[in-house]
Amino acid sequence: GAGVSQTPSNKVTEKGKYVELRCDPISGHTALYWYRQSLGQGPEFLIYFQGTGAADDSGLPNDRFFAVRPEGSVSTLKIQRTERGDSAVYLCASSLAGGVFNEQFFGPGTRLTVL
Amino acid sequence: AQTVTQSQPEMSVQEAETVTLSCTYDTSESNYYLFWYKQPPSRQMILVIRQEAYKQQNATENRFSVNFQKAAKSFSLKISDSQLGDTAMYFCAFMGNAGNMLTFGGGTRLMVKP
């Protein structure tokens with residue numbers, strides 16, 4: 001079966017530009033998570049969706065970051081006015097449902113480079 | 001807030017030998033869950049093993065086992081009979097009882113040498 005997929009795998013953009021990163025979760029998974037992994041560090045939580053709604057967005061660093069999941073499946077992470085400090089690997093994960101008993105399955109990530 | 005610390009940035013082990021990766025954490029919660037994830041160069045995080053804090057018995061998955069010391073807030077991973085395919089970054093992670101987010105440590109890069 002297909003796992004979590006993320007597109008693009010790599011994205012290079014210029015400072016100040018807008019970018020969108022896409023995540024396709026495992027079919028039937030209602031919970032979806034975004035994490036950011038800076039070079040040489042562990043992933044950091046950004047946002048968690050249960051269905052279409054953002055159940056926890058406490059990890060979003062500022063209002064330049066926004067994520068949507070309009071139909072409860074595919075999610076898009078949007079970054080406005082990108083800065084060099086936004087360069088990182090953005091990981092998406094999905095699980096059957098939220099909560100500790102449901103394993104989070106991760107995608108391969110999108111490597112974002114802001115020049 | 002929870003914190004997870006991995007004090008070993010890099011480790012190496014000879015193939016077929018045993019290696020232990022260290023992890024400590026800090027939390028005020030009484031019940032929580034701990035995980036070890038493997039991240040190979042493909043970047044895809046793979047769950048290796050998990051431990052529920054309320055369980056005294058240490059979790060085991062084939063060649064992987066943990067040493068969970070709740071009072072010391074320590075959660076180490078032991079890899080027995082190391083294989084070349086074990087070469088990867090290893091991350092320790094924490095999840096609170098009511099939460100959905102994982103809090104990760106900084107990782108340990110493990111190299112298995114032939």
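Just so it is clear: chains get the letters A, B, ... in the order the sequence lines come, proteins before strands, and each one is counted from 1. FYI, side chains are in, hydrogens and waters are out, and symmetry mates aren't considered; it's all heavy atoms of this structure.
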Asker: Do B/Q69 and B/N67 pair up side chain to side chain, a donor and an acceptor below 3.5 Å, judged on atom types alone?
Answerer: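 A pair is found: one side chain offers a donor N or O, the other an acceptor, under 3.5 Å apart.
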
Asker: Check whether A/F105 gets within reach of chain B through its side chain, its backbone, both or neither, counting any heavy atom under 4.5 Å.
Answerer: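 Contact with chain B is absent: no heavy atom of A/F105 under 4.5 Å.
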
Asker: Report the option among A/A93, A/G98, A/A31, A/P43 that has the most heavy-atom pairs separated by less than 4.5 Å from atoms of chain B.
Answerer: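 Heavy-atom pair counts peak at A/P43.
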
Asker: Taking 4.5 Å as the heavy-atom cut-off, does anything in residues 46-85 of chain A contact chain B, and if so which residues?
Answerer: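 When heavy atoms of chain B are the reference, residues 46-85 of chain A contributes A/Y48, A/D56, A/S58 within the under-4.5 Å range.
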
Asker: Quick one: what part of B/Q39 sits under 4.5 Å from any heavy atom of chain A, side chain, backbone, both or neither?
Answerer: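 Looking at B/Q39, just its side chain touches chain A.
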
Asker: Show your working on side-chain contact (heavy atoms from CB on, under 4.5 Å) between B/F91 and B/Q6 and close with a plain yes or no.
Answerer: CA-CA 8 Å; B/F91 292 95; B/Q6 295 179 248; 4.2 Å; yes

Asker: Among A/S9, A/P108, A/G40, which residue has the highest count of heavy-atom pairs closer than 4.5 Å to chain B?
Answerer: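 That would be A/P108.
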
Asker: Under 4.5 Å from any heavy atom of chain B, what part of A/E103 do you find: side chain, backbone, both or neither?
Answerer: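 Answer is side chain: those atoms of A/E103 sit under 4.5 Å from chain B.
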
Asker: Hey, does B/F35 have a side-chain heavy atom less than 4.5 Å from the side chain of B/L47?
Answerer: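 Side chain of B/L47 against side chain of B/F35, heavy atoms only: contact under 4.5 Å found.
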
Asker: Checking one residue: B/I79. Which other hydrophobic residues are in its cluster under the side-chain 4.5 Å linking rule?
Answerer: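 Reading the cluster by chain and number, B/I79 sits alongside B/V4, B/M11, B/V13, B/V19, B/L21, B/Y25, B/Y32, B/L34, B/W36, B/V48, B/I49, B/F64, B/V66, B/F68, B/F75, B/L77, B/L84, B/Y90, B/F94, B/L110, B/V112.
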
Asker: Could you check whether atom NZ of B/K73 has more than 12 heavy atoms from other residues, nucleotides or ligands sitting under 6.0 Å from it?
Answerer: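 It does: B/K73 NZ has more than 12 such atoms within range.
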
Asker: Check whether A/T110 gets within reach of chain B through its side chain, its backbone, both or neither, counting any heavy atom under 4.5 Å.
Answerer: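 For A/T110, the backbone is the part near chain B, not the side chain.
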
Asker: Answer whether the closest heavy-atom distance between the side chains of A/Y33 and A/Q104 falls below 4.5 Å.
Answerer: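 Answer yes - side chains close enough.
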
Asker: Has B/K78 got more than 12 heavy atoms of other residues, nucleotides or ligands less than 6.0 Å from its NZ?
Answerer: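 Atom NZ in B/K78 is not crowded, with 12 or fewer foreign heavy atoms closer than 6.0 Å.
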
Asker: Given side-chain contact (heavy atoms from CB on, under 4.5 Å), test B/T5 with B/C23 step by step and report yes or no.
Answerer: CA-CA 6 Å; B/T5 303; B/C23 172; over 6 Å; no

Asker: Is B/Q56 close to B/K70 at the side-chain level, that is, under 4.5 Å between some pair of heavy atoms?
Answerer: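 B/K70 does not reach B/Q56 side chain to side chain.
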
Asker: Considering only heavy atoms, which portion of B/R109 lies under 4.5 Å from any heavy atom of chain A: side chain, backbone, both, or neither?
Answerer: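 Contact with chain A is absent: no heavy atom of B/R109 under 4.5 Å.
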
